[in-house]
Amino acid sequence: MKFSLMNDQSSNAVQTRVRFAPSPTGYLHLGGARTALYNWLWARKNDGVFILRIEDTDAERSTTESVQEILDGLHWLGLNWDEGPYFQSHNLKKHSEAASGLLATGNAYRCFCSKEDLEAQRNDAEKQKVAFMYDGRCRKLDQDEIENRLRNNDSFVVRFKVPRDSDSTIVFDDAVYGRMEKRAADIEDFVILRSDGSPLYILSNAVDDTLDRISHVIRGADGLANTPKQVLIYEALGVVPPIFAHMPLTLDNKKAKLSKRVHGESVTIAYYKNRGFLPWALCNFMALLGWSGPDGQEFFSRDELIKAFDLSRINRANSIFNYTPGDSKNWTDPKAIHFNSTYLRTMPIEELFPYVKEELVAKELWNESYETGQKQWFQKTIDLIRSRFLTLEDFSSRGRAYFSDDFEFDEKAVKKNLKCDDRLAFFLPELADEIEQLEDYNSSALEEVFRSFADKKEIKAGLIINAARTAVSGSSVGPGLFELLDIVGKTRVVNRLRSAKGLVNK
RNA sequence: GUCCCCAUCGUCUAGCCCGGCCUAGGACACAGGCCUUUCACGCCUGCGACAGGGGUUCGAAUCCCCUUGGGGACGCCA
């Protein structure tokens, strides 16, 4: 009794069901990932269901590698789906059945016009710079002729019969763009079934969304102009259309739509993973490309973003993803870097740990003891060096000297800090001797050694401080010297100071 | 060519729906300063926009129209 009451109540509220429906014809790129993110956010916000549907009905271009890349990308971003992946190709039969239904109810008709013929017409129209629209001549075919041609095995496509009453208008309310109206007269009788009997996207997509009971279609604004056609299909099928929410497009700095084909790997999710991005930093950044919170907050935890996110606050204007391929500094949008570096240096060390580990493992700098005996040291080291890092890659490049003796010396640093004064050739070994004697090896003891050494030799402390920095880390920049020396450790510091002699004279 | 959408600092944007609180706010980037053994971080300051033109109104970034600019869609692609 109680049970059925609960059921009744829950059936009153329509469950939020959204989907991300990429076609597996290439990489998962920023635009797609952002669409996935917005859908995911909306599902989570409404305790709804996030569905992954692979629209693989373009057999020519779909690949299994691409499917894998999409799965990997979403997984890495942390955008977990609740149902799927479904494959659109598995539903092909349902789609053509829907077309048959539309044929039976008089909402569609067979068109025997040849592809070549129509293409020629289209080309002509283009040459004359006039709009081409199929004239619907096959609408008028009488039953006898149709049967004749069918007996004859003439090939045909199925076209949707767009209402032709003079003032017929298709209306829908977009959650982002508001009320959209389009005159039916501006829509041609579009093809829904190919001559080989296979369905087209415009049909398959609407049928699948119906079958999956999708409540909200959140997709790129490039779908906006197609929506009236789909609304027509829903209506002809006798189904209430989902709520549409079109999101503005992301453009490149030349204002061209971001696409895998022209932008290649530099806009792919895999690339950001390889270049040392934290997945959530990327999500947080992407969320702000076309959406903003009510109070100006920019950094959001997952829960915060889910709570703050709302379709009504999605912007209508396209945004530019401001990156310059090939530019080492602006290889991606500077604001994306800002999000990554801020997360990198403020997130709890324990959360950062696995990412740094992965990076060091990949670059063969990982030592199992970082997770066991030297764990404390390792965490302290990460914490010390991360404040000037931008991506995870920095831990293995700029941070190399902390994890390996096999690191490079920056030429400019050597010139500036070691070759600047010949006396360093014996100052540094002397310092090494003094440091070796230290019983309590820590940053304040080290500072004491350096300060008194400078007094003794009547030199500026900066001379040996900067020299030691370069001798020990290979660089002219980095953390405060005494913390640096403390972290690198007595043995390595002494060795590096002694061998730096060679760099001074050379 | 036709249809549709959009328009605030270099970029992401707040404000627009419900005109006055906007000498237009924030963030990134950039420039300068402070801090400092270096470089970052941090803090402070600066630079910097309502596309243009008409209306409506006492008053317009906000409402209306036009122009311009940008984008998207027009396929037997998805």
Side-chain angles (χ1 to χ4, degrees), chain A residues 21-25 55-58 60-62 88 111 113-115 118-119 122 125-133 155-159 174 177-178 180-183 185-188 190-196 198 200-202 204-205 220-229 246 248-249 251 253 255-257 285 288-299 315-323 330 333-339 341-342 345-346 385-390 413 416-417 447 450 460-466 468-470 475-482 484:
Chain A
S23 58
T25 56
E55 304 210 322
D56 58 343
T57 46
D58 184 348
E60 306 241 316
R61 294 198 296 144
S62 295
Q88 187 161 63
C111 168
C113 297
S114 82
K115 195 175 177 178
L118 290 169
E119 258 166 35
R122 209 184 326 269
E126 197 156 329
K127 258 183 225 153
Q128 291 169 46
K129 302 215 174 203
V130 293
F132 173 75
M133 199 180 276
S155 80
F156 63 87
V157 299
V158 175
R159 287 184 185 272
D174 191 275
Y177 286 90
M180 305 291 296
E181 299 187 19
K182 193 170 172 87
R183 287 188 307 275
D186 291 325
I187 304 174
E188 74 170 356
F190 51 96
V191 178
I192 55 177
L193 222 56
R194 296 186 185 86
S195 49
D196 67 0
S198 63
L200 268 90
Y201 159 81
I202 194 89
S204 299
N205 188 258
D222 44 354
L224 201 53
N226 274 327
T227 308
K229 291 181 188 170
H246 287 92
L249 263 16
L251 276 22
N253 51 15
K255 298 201 171 171
K257 184 167 86 158
F285 168 76
L288 263 25
L289 239 36
W291 174 86
S292 60
D295 57 6
Q297 183 180 348
E298 295 205 302
F299 280 85
N315 196 223
R316 277 182 281 267
N318 294 339
S319 57
I320 291 171
F321 181 64
N322 198 9
Y323 80 113
N330 294 310
D333 194 306
K335 197 153 181 174
I337 297 266
H338 170 249
F339 273 91
S341 58
T342 302
R345 59 180 177 246
T346 57
I385 60 184
R386 67 172 171 167
S387 77
R388 52 219 92 203
F389 287 176
L390 302 177
K416 182 179 160 210
N417 292 336
E447 176 153 19
F450 274 75
K460 282 171 98 176
L463 177 68
I464 47 176
I465 285 174
N466 289 323
R469 180 195 316 288
T470 301
S475 169
S476 63
V477 302
L481 179 74
F482 310 113
L484 185 159

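Numbers restart at 1 for each chain; the letters A, B, ... are given by sequence-line order, proteins then strands. These numbers come from the heavy atoms of this one structure, side chains and all, not from hydrogens, waters or symmetry mates.
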Residue list, salt bridge (charged side-chain N to carboxylate O under 4.0 Å, His left out) with [X], at least two apart or on another chain:
| X | answer |
| --- | --- |
| A/R194 | none |
| A/R61 | A/D58 |
| A/K257 | A/D222 |

Identify whether any heavy atom of [X] sits under 4.0 Å from a base atom; if not, whether one sits that close to sugar-phosphate; answer base, sugar-phosphate or nothing.
| X | answer |
| --- | --- |
| A/S476 | base |
| A/R469 | base |
| A/A317 | sugar-phosphate |
| A/F482 | base |
| A/G480 | base |
| A/L481 | base |
| A/P228 | nothing |
| A/G296 | nothing |

Using whole Å, report how far [atom1] of [X] lies from [atom2] of [N].
| X | N | atom1 | atom2 | value |
| --- | --- | --- | --- | --- |
| A/L289 | B/A27 | CG | P | 19 Å |
| A/N466 | B/U36 | CG | C1' | 11 Å |
| A/D333 | B/A29 | CG | C1' | 10 Å |
| A/N330 | B/A29 | CG | C1' | 8 Å |
| A/E447 | B/U36 | CD | P | 13 Å |
| A/L390 | B/C39 | CG | P | 16 Å |
| A/R316 | B/C17 | CZ | P | 12 Å |
| A/R388 | B/U36 | CZ | P | 16 Å |

Exercise for the section: Considering only atom C1', compute the distance from B/A24 to B/C41 and round it to an integer number of Å. Expected result: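 The same atom, C1', in both gives a distance of 31 Å.
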Handout entry: Euclidean distance for C1', B/G48 against B/C28 (whole angstrom)
Key =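 It comes out at 13 Å once rounded to the nearest Å.
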Both distances below 3.5 Å, Watson-Crick or wobble geometry, any strand: find the nucleotide opposite [N].
| N | value |
| --- | --- |
| B/C3 | B/G72 |
| B/U38 | none |
| B/C63 | B/G55 |
| B/C16 | none |
| B/C22 | none |
| B/G46 | B/C30 |

Go through the structure and list residues passing side chain to side chain contact (heavy atoms under 4.5 Å, CB included) with [X], not counting sequence neighbours.
| X | answer |
| --- | --- |
| A/N466 | A/N417, A/R469 |
| A/N205 | A/R19, A/R53, A/E55, A/Y201, A/D209, A/R219, A/Q230 |
| A/Q297 | A/D295, A/F300, A/E304 |
| A/L224 | A/F172, A/D174, A/Y177, A/M180, A/H246 |

Candidate nucleotides [options], ranked by approach to the side chain of [X] - the nearest:
| X | options | value |
| --- | --- | --- |
| A/K335 | B/C4, B/C28, B/G1 | B/C28 |
| A/N315 | B/C12, B/U37, B/A14 | B/A14 |
| A/S292 | B/A14, B/G1, B/C12 | B/A14 |
| A/M180 | B/A27, B/C4, B/C41 | B/C4 |

Handout entry: Heavy-atom closest contact (A/T470 atom, A/S475 atom, distance)
Key = OG1-O, 3.1 Å
Practice task
State, to 0.1 Å, how close A/I187 and A/P228 come at their nearest heavy-atom pair, and which atoms those are.
Solution key: CD1-CB, 3.9 Å
Would you list the protein and nucleotides 30-34 of chain B atom pairs, both N or O, that sit under 3.5 Å from each other?
residue : atom : partner : partner atom : Å
B/C30   : OP1  : A/K329  : NZ           : 3.0

Practice task
Compare all side-chain heavy atoms of A/E298 with those of A/H338 and state whether any distance is below 4.5 angstrom.
Solution key: no
Exercise for the section: Compare all side-chain heavy atoms of A/L200 with those of A/F190 and state whether any distance is below 4.5 angstrom. Expected result: no
Exercise for the section: Sugar-phosphate atoms are those with a prime plus P, OP1 and OP2; base atoms are the rest. Using that split, label each nucleotide of nucleotides 71-78 of chain B B, S or - for protein heavy atoms under 4.0 Å, 5' to 3'. Expected result: SSS-SBBB
